[in-house]
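I have placed the structure first, in the form of structure tokens, so that the comments after it can refer back to it.
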Amino acid sequence: MIQDARILIVDDESQIRRLLRVALTRSGYSCVEARDSRELLNALAIDKPDLVLLDLGLPDRDGLELIPLIKKAGSAKIVVVTAREQTQEKVAALDLGADDYVTKPFDTDELLARVRAALRQKASNELERSWLRCGGVEIDLERRSIRRDGAEIHLTPKEYGILAELAAAPGRVITHRHLLVAVWGPGQADRSEYLRVAMRSLRQKLELEPSRPVLLINEPGVGYRLRVD
């Protein structure tokens, strides 16, 4: 599915659409284009894309408003590609359901790597996998079993809760707020120190070099992602 995926490019700038279309087509993807929210919604219904590259600065509607509509319309992954660099914009997009966030100007190779990661996640979700490998760490969500190099690792309920949220969407950035609400509850959504302490302990148990993590990756000011094989 990854190789023949259909990608919807949503941007009001024709040069950006052309740049993305050429790069994606050369990588083996089929492309559909939309200039505004009306064309986007039509393409979702007719073309049923596997992934949407979404600009937030559309002429007729703010892109943030469209993220929930895209999620509701199907299983397409969403990679935001926008000139908005503010952290609050990134957090808002991810909290609304975007799978990744890339700012303009972007490196084409990096963007293609983000697209591949999102499509791999989609394929994994469709297989309903509950088992993941991250380096030497094996995560079995169905059995609530965590092993590193074959040895069982004991996690506290909070540590397991964090890992389970990250493992449910491998490769995707999960915001600080989402993790705090999911693991500690809505009343603790602003207690970022809880998350920092638990994440530090989780890295001590899972990372070979906790000070140089390669599995539990920090996105400064935004959240964390789990890097899987």
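Starting from 1, each residue takes its place in the sequence as its number. Computed from heavy atoms alone, side chains included, the values below leave out hydrogens, waters and symmetry copies.
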Residue pair [X] / [Y], side-chain heavy-atom distance below 4.5 Å:
X: Leu206; Y: Leu163; answer: yes
X: Leu8; Y: Leu53; answer: no
X: Val22; Y: Arg26; answer: yes
X: Ile70; Y: Leu40; answer: yes
X: Leu24; Y: Ile9; answer: yes
X: Tyr101; Y: Val79; answer: no
X: Glu33; Y: Asp11; answer: no

One thing to verify: whether [Y] and [X] come together as a salt bridge, which I'm taking to mean a side-chain N less than 4.0 angstrom from a carboxylate O.
X: Asp55; Y: Arg84; answer: no
X: Glu193; Y: Arg191; answer: yes
X: Arg147; Y: Glu152; answer: yes
X: Arg114; Y: Asp100; answer: yes
X: Asp99; Y: Lys77; answer: yes

Task: Greater than 12 external heavy atoms within 6.0 Å of Arg177's CZ - done: no
Has [X] got a side-chain atom pairing as donor or acceptor with [Y]'s backbone, closer than 3.5 angstrom?
X: Glu207; Y: Leu215; value: yes
X: Arg172; Y: Leu94; value: yes
X: Arg225; Y: Gly171; value: yes

Spatial distance of atom [atom1] ([X]) from atom [atom2] ([Y]) [nearest 0.5 Å]:
X: Leu112; Y: Thr108; atom1: CG; atom2: OG1; answer: 6.5 Å
X: Ser75; Y: Asp50; atom1: OG; atom2: CG; answer: 7.0 Å
X: Leu64; Y: Leu54; atom1: CG; atom2: CG; answer: 8.5 Å
X: Trp184; Y: Leu195; atom1: CH2; atom2: CG; answer: 5.0 Å
X: Ser37; Y: Asp62; atom1: OG; atom2: CG; answer: 10.5 Å

Open item on the list: Looking at every heavy atom in both Arg61 and Leu66, which two are closest together, and how far apart are they?
Closed with: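 Smallest interatomic distance, heavy atoms only, reads CD-CD2, 3.8 Å.
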Hydrophobic clusters here meaning ILVMFWY residues chained together by side-chain heavy-atom distances under 4.5 Å, can you tell me if [X] and [Y] are in one?
X: Leu226; Y: Met199; answer: yes
X: Leu96; Y: Leu41; answer: yes
X: Ile78; Y: Val10; answer: yes
X: Leu19; Y: Val80; answer: no
X: Leu202; Y: Tyr194; answer: yes

Task: Under the ring-ring contact (aromatic ring centres under 6.0 Å, His included) test, residues paired with Tyr160 that sit two or more places apart - done: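 ring-ring contact (aromatic ring centres under 6.0 Å, His included) check on Tyr160 returns nothing, list empty.
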- [ ] Would you please name every residue forming a ring-ring contact (aromatic ring centres under 6.0 Å, His included) with His176, sequence neighbours left out?
- [x] Tyr224
- [ ] Please step through side-chain contact (heavy atoms from CB on, under 4.5 Å) for the pair Cys134 and Ile139, ending with a clear verdict.
- [x] CA-CA 8 Å; Cys134 315; Ile139 303 170; 3.9 Å; yes
Task: Criterion side-chain contact (heavy atoms from CB on, under 4.5 Å) on Arg35 and Arg17, from CA distance to verdict - done: CA-CA 9 Å; Arg35 296 170 294 180; Arg17 293 199 309 274; 3.3 Å; yes
Open item on the list: Restricting to side chain to side chain contact (heavy atoms under 4.5 Å, CB included), what partner residues turn up for Lys205, sequence neighbours left out?
Closed with: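 In terms of side chain to side chain contact (heavy atoms under 4.5 Å, CB included), with neighbours along the sequence ignored, Lys205 is linked to Ile153, Leu155, Thr156, Glu159, Ser201.
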